[in-house]
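Letters go in sequence order (proteins before strands), and every chain restarts at 1. Quantities reported herein were computed from a predicted structural model and do not represent experimental measurements.
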2 protein chains.
Amino acid sequence: MRYVDAAGMSLDDYPRPSVAVDTAVLTVEHRELCVLLVQAPEAEPSTGWRLPGTFLHPGETLADAVARSLRDKAGVEGLRPEQLHVFDDPGRDDRGWVLSVAHLDVVRADRVPVRTGQRLVPVAGVPDLPFDHGAIIGFAVGAIRDRYGGAPDPFGLVDTAEPDGSFTLRELRLVHEAVAGHRLQPDSFRRMMRGLLEDTGRMGVGRRGKPAELYRRRGE
Amino acid sequence: MRYVDAAGMSLDDYPRPSVAVDTAVLTVEHRELCVLLVQAPEAEPSTGWRLPGTFLHPGETLADAVARSLRDKAGVEGLRPEQLHVFDDPGRDDRGWVLSVAHLDVVRADRVPVRTGQRLVPVAGVPDLPFDHGAIIGFAVGAIRDRYGGAPDPFGLVDTAEPDGSFTLRELRLVHEAVAGHRLQPDSFRRMMRGLLEDTGRMGVGRRGKPAELYRRRGE
DNA sequence: ATAATTTAGCGCACTAACGCGCTAAAACGC
DNA sequence: GCGTTTTAGCGCGTTAGTGCGCTAAATTAT
């Protein structure tokens with residue numbers, strides 16, 4: 001039985017906003033934190049580069065919509081999108097009343113297909129973007145830096161050769177430096193990570209000098 | 001001219017969710033962090049205690065809706081609500097497709113009117129609540145503790161006798177202890193705050209012993 | 001076989017923060 | 001006037017973290 005309120009109205013009888021999701025997809029490429037931009041289709045009123053986004057469909061959670069958007073618009077299989085902020089200015093979109101729920105998603109660069117109409121841009125050099133997409137990137141960068149400040153590679157960005165996902169301290173540090181946007185002192189970094197990693201007992205390969213030990217995250 | 005997309009549809013032709021706002025109003029009463037609960041009207045399908053909330057109306061921002069909700073449902077003039085999280089399970093509400101944007105608002109206890117159908121409950125002893133209201137309170141407590149960890153009374157909770165809003169170190173510390181939920185060592189607290197406060201040059205009154213100096217936040 | 005390179009760890013000097021006991025100062029109570 | 005109470009600040013011992021130079025170990029290059 002369909003619900004009606006004290007005024008005899010159902011929820012659908014009231015005006016409602018469209019709800020969009022926009023996602024700042026962050027990755028590390030060439031030791032730099034980058035964001036994925038896609039080109040708007042010609043039919044859109046505001047063309048140019050922007051963050052991938054879509055409208056929320058019935059039966060979906062926001063994360064479902066983010067995943068659909070990244071798959072359809074950018075060929076990226078998203079992982080675990082996290083909410084950042086809701087942009088709610090009633091006049092923010094010329095098409096009508098639209099709320100946008102900004103998200104962060106983080107994927108390894110090798111999972112972002114190279115194709116026309118999309119590119120990875122260093123977050124330190126983002127061009128002007130429509131809507132609130134510049135602000136969304138700012139939120140996303142703050143959120144990923146916060147997460148990487150307290151845990152080893154929480155989003156799985158380390159691109160390791162090992163099938164079991166283990167990595168060297170140097171590989172881990174290079175990713176953390178890319179996210180942080182500045183150099184990290186190796187000794188302090190090791191001490192911070194010491195209690196959060198466990199030694200696999202195996203050694204890495206492929207470089208001169210003493211081979212590095214392979215680690216995985218504690219509790220994995 | 002009203003916008004239509006490539007399929008000749010306007011935004012209103014597509015199904016859209018109702019958007020609600022729910023607010024964890026936090027305050028300090030009797031040196032304890034408390035949350036405001038209101039009683040649901042009898043006509044609602046789910047009666048009992050809950051957080052104040054409402055549906056978003058056209059032309060409003062989320063903060064507008066929060067303010068209207070707190071004024072109408074609880075007689076509280078809200079200050080600056082902050083977004084916490086969007087609860088988006090399509091099946092979370094029996095009435096239909098409803099998203100809820102959870103918020104935090106912080107007010108001094110003397111701004112919460114005492115009236116039937118509402119009460120302040122210590123966050124350490126919240127009863128079971130409908131929907132995701134328990135989770136919302138959890139988010140809110142985490143957010144306020146984070147904010148109070150790095151700045152002197154960011155939400156203006158100190159209930160001072162001074163017309164210019166200045167306060168003593170002890171008054172400030174008692175509020176920070178209520179928010180943190182544990183005791184703070186006075187000397188360490190003073191050292192942390194030293195650079196964030198400025199001395200008004202005036203002294204407080206009303207207690208035995210050396211009167212305390214009055215401070216205000218630096219940059220106020 | 002030796003030199004060069006890289007890694008992991010540590011000793012050490014230094015910096016920063018904590019918590020407590022103590023003192024001086026400034027009020028009130030008697 | 002003196003005792004009591006409260007506040008602000010500090011000295012000090014302790015704990016924790018940082019960055020660097022150094023060493024030993026384990027590889028590759030010559």
If you walk 5' to 3' along DNA chain C, what is the first nucleotide with an atom under 4.0 Å of a heavy atom in chain A, and what is the last? C:dA4 to C:dG11
[X]: what forms a side chain to side chain contact (heavy atoms under 4.5 Å, CB included) with it, not counting sequence neighbours?
X	value
A:H85	A:F87, A:F139, B:Q83
A:H30	none
A:R145	A:V141, A:V179
A:A109	A:T27, A:E29

Return the set of residues passing side-chain hydrogen bond (donor to acceptor under 3.5 Å, both in side chains) with [X] (not counting sequence neighbours), or none when no residue passes.
X	value
B:D199	none
B:E82	B:R147
B:R119	none

Separation of D:dT6 atom C1' from B:L169 atom CG, nearest Å, is 13 Å
Value in whole Å for how far the P atom of D:dG17 lies from CG of A:L184: 17 Å
So which atom in B:R218 and which in B:L197 form the shortest heavy-atom distance, rounded to 0.1 Å? NH2-O, 2.9 Å
Trace of the side chain to side chain donor-acceptor pair (under 3.5 Å) decision for B:S100 with B:D22: CA-CA 7 Å; B:S100 169; B:D22 290 302; 2.6 Å; yes
DNA chain C: A:R191 or A:A212, which has the more 5' nearest nucleotide? A:A212
Please tabulate, for the side chains in residues 188-195 of chain A, all donor-acceptor contacts under 3.5 angstrom to protein atoms that are two or more places apart in sequence or on a different chain.
from: A:S188; atom 1: OG; to: A:Q185; atom 2: OE1; distance (Å): 3.3
from: A:R190; atom 1: NH1; to: A:D187; atom 2: OD1; distance (Å): 2.9

Distances for protein N or O near nucleotides 3-5 of chain D N or O, under 3.5 Å:
from: D:dT5; atom 1: O2; to: B:G209; atom 2: N; distance (Å): 3.4

Go nucleotide by nucleotide along DNA chain D from the 5' end; which of B:R170 and B:D187 gets its closest nucleotide reached first? B:R170
List the atom pairs, donor and acceptor, that lie under 3.5 Å between side-chain atoms in residues 155-165 of chain B and the rest of the protein, sequence neighbours left out.
from: B:T160; atom 1: OG1; to: B:E162; atom 2: N; distance (Å): 3.1
from: B:T160; atom 1: OG1; to: B:S166; atom 2: O; distance (Å): 2.5
from: B:E162; atom 1: OE1; to: B:R202; atom 2: NH1; distance (Å): 3.2
from: B:D164; atom 1: OD1; to: B:S166; atom 2: N; distance (Å): 3.2
from: B:D164; atom 1: OD1; to: B:S166; atom 2: OG; distance (Å): 2.7
from: B:D164; atom 1: OD1; to: B:R202; atom 2: NH2; distance (Å): 3.2
from: B:D164; atom 1: OD2; to: B:R202; atom 2: NH2; distance (Å): 2.5

Residues from residues 192-200 of chain B lying under 4.0 Å of DNA chain C - heavy atoms: none
Is any side-chain nitrogen or oxygen of A:S188 closer than 4.0 Å to OP1 or OP2 of D:dG17? no
